[in-house]
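The next block holds one structure in the form of structure tokens; read it before the comments.
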2 protein chains.
Amino acid sequence: MENLYTSNALRLLQTADEIKARLSGEFSAVHGLSVNEFFLLLHLEQTAAHRLSRVELAKRMQISASTVTRMATPMEKIGLVDRQAYQKDARLAFVVITDAGLRKLEEARATFTKQAGYIFNNLLDEAELNQLSLMLGRLTSGTVGRLS
Amino acid sequence: MENLYTSNALRLLQTADEIKARLSGEFSAVHGLSVNEFFLLLHLEQTAAHRLSRVELAKRMQISASTVTRMATPMEKIGLVDRQAYQKDARLAFVVITDAGLRKLEEARATFTKQAGYIFNNLLDEAELNQLSLMLGRLTSGTVGRLS
DNA sequence: GCAAAGAACTTGCAAACGCAAGTTCTTTCT
DNA sequence: AGAAAGAACTTGCGTTTGCAAGTTCTTTGC
């Protein structure tokens, strides 16, 4: 049982690394976007108001708040996100996804889906994919910004 | 089907990020080791001769060769690995895991296993863990340095 | 209601990393 | 055999990231 825990954790991390390596080349070449920038947009899009505070975004992305600050600035400059103040609490600075950001996200998501297809294709059938999704969903059940 | 690909890839990446975040705190605190250094030792240990060239290590770890160089140097200084020349091809510089490295690896592996236990415990039963291992193994079937 | 504690954000600094160029050695081609 | 091509490694440089300290604002406790 212990061995099963270990080997699953190892394989999960290794698989993720391979997927990420695959994506990062394709993403920067095709969309001029890093994988992390893609995820930032994704997290924003999946909220009702299309916005998140920087600390909330940091928590969901498992990165530091300062990294969010430093990622958001250039993305504002090219119009993918906006900075939005919050009247109820002047400390908060929301990151809002713009329409241009949403369009870019759709383009990037297509690439993501295509690459994901290459990875899973011929290796897992539909029943297995459903099972995998179920199990991974359970592993992230306590997560705030669970992506689907 | 496309959606299944996407959601599985997303969840896999997200789960891996959470595991990695969990590990990196524990690892550096308990063993003075980064997650990547742990993986470097692990890859070396899993070879017959307990050694790999820097480019081979880079490929298996999905990092650049220069990063391997820069990781290996401090690890040599503290005696976890050694540098070994190769008579048959003077360009190669093997990274060899030392006995101290193996001992450190065992300590770190115990921590890894413990943390992996926290993650999977009560979320997946043994049959599911076997199934997950099988599927992840298939996803990394083309990988050279597959970890188990 | 005011002082202390705490939260959100930014910035300085250092560590980790990749890319591209440079060096040394090997293989290939003629 | 000798030159050109290529492989393995290192190093310079820029980018990305986290931590800790600093600033501004809000909440808590007396």
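The structure displayed is predicted, hence computed values, not measured ones. Letters A, B, ... are given to chains in the order of the sequence lines, protein chains preceding strands, and every chain is numbered from 1.
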- Aromatic ring pairing His43(B)/Phe39(B), orientation class (parallel under 30°, perpendicular over 60°, tilted between): tilted
- Check whether the side chains of Thr6(B) and Thr113(A) place a donor and an acceptor atom closer than 3.5 Å, and report yes or no. yes
- Earlier contact from the 5' end, DNA chain D, for Asp89(B) and Glu37(A): Asp89(B)
- Task: Over 60° means perpendicular and under 30° means parallel, so classify the ring planes of Phe112(B) and Phe38(B), tilted if in between.
- Result: parallel
- Verify side chain to side chain contact (heavy atoms under 4.5 Å, CB included) between Val81(A) and Leu41(A), making sure each step is shown before the conclusion. CA-CA 8 Å; Val81(A) 300; Leu41(A) 293 177; 3.8 Å; yes
- Closest heavy-atom contact between Ser64(A) and Thr67(A)? OG-OG1, 2.9 Å
- Message: Regarding Ser53(A), tell me which of base, sugar-phosphate or nothing describes its non-hydrogen contacts under 4.0 Å with the strands shown.
- Response: sugar-phosphate
- Ala90(A): side-chain contact (heavy atoms from CB on, under 4.5 Å) partners, not counting sequence neighbours: none
- Item | Residue whose closest nucleotide on DNA chain C lies nearer the 5' end, Lys59(A) versus Ser64(B) | Lys59(A)
- Take Arg70(B) and Leu52(B), find for each the nucleotide of DNA chain D with the closest heavy atom, and name the residue whose nucleotide sits nearer the 5' end. Leu52(B)
- Message: What I want to check is whether the side chains of Arg51(A) and Gln84(A) have a donor and an acceptor closer together than 3.5 Å.
- Response: yes
- Specify the separation, in whole Å, of atom CG of Leu57(B) and atom P of dC17(C). 12 Å
- Opening and closing nucleotides of DNA chain D in contact with chain B, under 4.0 Å to non-hydrogen atoms: dG6(D) to dC13(D)
- Between dT26(C) (P) and Lys88(B) (NZ): distance, integer Å: 13 Å
- Message: Between the opening five pairs and the closing five pairs of the helix from dG1(C)-dC30(D) to dT30(C)-dA1(D), how far apart are the helix axes, to 10°?
- Response: 30°
- Item | Nearest non-hydrogen partners of Arg138(A) and Leu124(B), listed with the distance | NH1-CD2, 3.8 Å
